[in-house]
Amino acid sequence: MNDAPIKVNCPTCDKIVVWSELSPYRPFCSKRCQLIDLGEWADEEKRIPSSGERSDSENWGEEEK
């Protein structure tokens, strides 16, 4: 059995992160990288593509017709 720890790259800075309890911000290497990523999502620099013409956030508050 392979007991070697799983290692991933931080999505923000590409630093190697051990996937274990020792890395509380995994997959990020630090709180700083975690917050940078969160800010990119909040600013809509990152988004999950949708098949609709408008995103759910653009429909926010509109009443169903």
Side-chain angles (χ1 to χ4, degrees):
M1 185 171 175
N2 187 358
D3 290 333
I6 296 172
K7 296 179 182 176
V8 298
N9 290 53
C10 174
T12 304
C13 72
D14 215 33
K15 180 179 175 182
I16 294 176
V17 179
V18 176
W19 195 276
S20 74
E21 299 291 322
L22 300 174
S23 303
Y25 302 109
R26 64 188 178 272
F28 303 99
C29 67
S30 65
K31 183 72 171 177
R32 178 183 179 273
C33 282
Q34 185 183 52
L35 291 173
I36 288 170
D37 185 76
L38 178 62
E40 289 172 351
W41 282 100
D43 288 341
E44 296 185 1
E45 293 172 25
K46 292 183 178 180
R47 54 191 293 176
I48 298 172
S50 68
S51 59
E53 291 179 18
R54 293 173 56 173
S55 71
D56 288 340
S57 64
E58 291 172 327
N59 293 329
W60 188 273
E62 291 184 9
E63 296 197 23
E64 303 253 344
K65 294 180 181 180

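Under the side-chain contact (heavy atoms from CB on, under 4.5 Å) criterion, Leu35 pairs with Lys31, Leu38, sequence neighbours left out.
Across all their heavy atoms, Thr12 and Asp37 have their closest contact at OG1-CB, 4.0 Å. Of all the heavy atoms in Cys13 and Cys29, the pair that sits closest is SG-SG, 3.6 Å. Taking each heavy atom of Trp41 and Arg47 in turn, the nearest pair found is CZ3-CA, 3.5 Å.
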Please output the side-chain donor-acceptor pairs of residues 16-23 that fall under 3.5 Å, not counting sequence neighbours, one pair per line with the distance.
residue	atom	partner	partner atom	Å
Ser20	OG	Leu22	N	3.1
Ser23	OG	Val18	O	2.6

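Around atom NZ of Lys46, more than 12 heavy atoms belonging to other residues, nucleotides or ligands sit under 6.0 Å away.
Taking Ile, Leu, Val, Met, Phe, Trp and Tyr as members and joining any whose side-chain heavy atoms lie under 4.5 Å apart, directly or through other members, Ile36 forms no hydrophobic cluster with any other residue.
In this structure, the separation between OG on Ser30 and NZ on Lys15 is 7.5 Å, given to the nearest 0.5 Å.
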